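A quick write-up on the structure given underneath.
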Amino acid sequence: MLDPWSNSNVLEEDYIRLIKEFGIEEIDEKIRQQFLNNKFIRRKIIFGHRGLADIYKAIEKKEPWAVMSGIKPSGPFHLGTLTTALEIVEFQRMGGKAYYCIADIESWEDNGIPYEDAEKDAVDNMADILALGLDVSPEKVYIWRQSKEPIVKDVCFKVGRLLTQNMVNAIYGEKPFGLYLAALIQVGDIVLPQVKDGVQPTVVPVGIDQDPHIRLTRDLTRRYYTKQKFFLPGATYHKLLAGLDGTDKMSKRNPNSYFTFNEPLESIEKKVKGALTGGRRNRNEQQELGGEPQNCMIYKILMYHFEEDDDKLAKDFERCIKGELMCGEHKRDCAEKVLKFVKEHRKKKEKLIDTARDILNID
Ligand code: SF4
């Protein structure tokens with residue numbers, strides 16, 4: 001069972017099983033070619049989807065479509081949250097209107113953080129996503145806080161009538177009741193683009209662990225919004241980054257597995273240089289046997305976020321398996337790129353804090 005609130009990772013060999021078990025569509029070559037200007041699809045970080053064909057049709061016909069995402073304000077932005085944030089920016093650049101929610105109801109239900117206490121993180125997280133390039137022109141974005149948005153609460157109560165104990169047990173297992181409510185609020189988040197702005201295909205970029213919310217939303221949309229002819233909300237699924245130490249999923253619950261964008265640069269550098277690699281025990285073995293970039297966190301974080309050049313990535317992969325690239329050199333190169341990214345990000349973010357406050361209406 002996939003658990004959206006757990007910090008356990010999904011093993012590489014499980015992805016194929018999950019695709020079959022939950023009826024996720026694979027990103028085949030046709031879809032990949034259609035979405036080549038999306039870095040995460042091109043690089044096969046996004047491995048599965050639901051409903052991307054509807055998005056492609058809308059792009060071709062120049063019809064409206066939506067990309068929906070959000071963040072739970074329970075701490076500073078970190079390497080694990082970066083993937084979803086950049087995915088929404090990427091889809092917005094491709095022409096989708098972005099719908100972005102601050103999931104403060106979920107931060108209460110999951111982490112016990114009162115709404116007022118979540119406001120500081122909400123502003124900080126909002127400034128991060130703005131610095132990452134989210135376009136906040138009114139025609140290109142709609143942003144809300146769950147606790148203040150009547151639409152999501154309204155949808156929650158309407159569709160809640162269709163939900164039974166058996167259904168939630170089958171999808172989520174036994175959880176505190178508040179988490180089931182938070183899941184219904186997320187249904188509200190995901191159908192909000194169609195309730196607010198009219199019927200349109202919607203894509204929700206998520207890690208595979210969030211698929212239970214997508215399945216629940218599709219099921220309830222199918223049953224409640226038939227007359228309105230709503231599109232079943234779609235999704236893309238990316239492979240979850242393991243922790244820098246190569247074990248657990250990067251998660252706010254495990255501070256050693258990631259770095260935040262707010263922590264000291266020395267600490268970030270130390271964590272990157274200490275990351276688990278796919279390298280051999282020593283230089284001779286590396287030259288003789290080659291490394292395993294597919295099992296290397298340095299290679300993965302470059303591929304996900306810090307190397308823009310596809311050719312360089314491919315060459316480094318090749319050089320690693322041939323034993324021509326050494327881990328020390330590669331780690332230094334990676335740490336430099338990460339620090340450059342973080343420094344530039346902080347500069348941009350500093351100037352956007354007031355804008356973030358205005359958008360969220362928080363003093
Ligand atoms: S050379 Fe680079 S990609 Fe290969 S295992 Fe070492 S750090 Fe990873």
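Note that the structure is a prediction, hence the values are computed from the model and not measured. Indexing begins at 1, ligand by ligand and atom by atom, following the structure's order.
Aromatic ring centres of H238 and F40 lie farther apart than the 6.0 Å criterion allows.
Every residue meeting the ring-ring contact (aromatic ring centres under 6.0 Å, His included) condition with F47, not counting sequence neighbours, appears here in chain and number order: Y15.
Checked options R346, H78, K349; the residue passing with N262 is K349 (criterion: side chain to side chain donor-acceptor pair (under 3.5 Å)).
Remark: D104 does not engage K148 in a salt bridge, criterion side-chain N to carboxylate O under 4.0 Å. Ion pairing of K340 with E344 is present here, as a side-chain N (NZ or NE/NH1/NH2) and a carboxylate O approach within less than 4.0 Å.
For E350, the CD atom counts as loosely surrounded, since its 6.0 Å shell holds 12 or fewer non-hydrogen atoms of other residues, nucleotides or ligands.
Inside a sphere of radius 2.8 Å centred on atom 6 (Fe) of ligand 1, the protein N/O/S atoms present are C327 SG.
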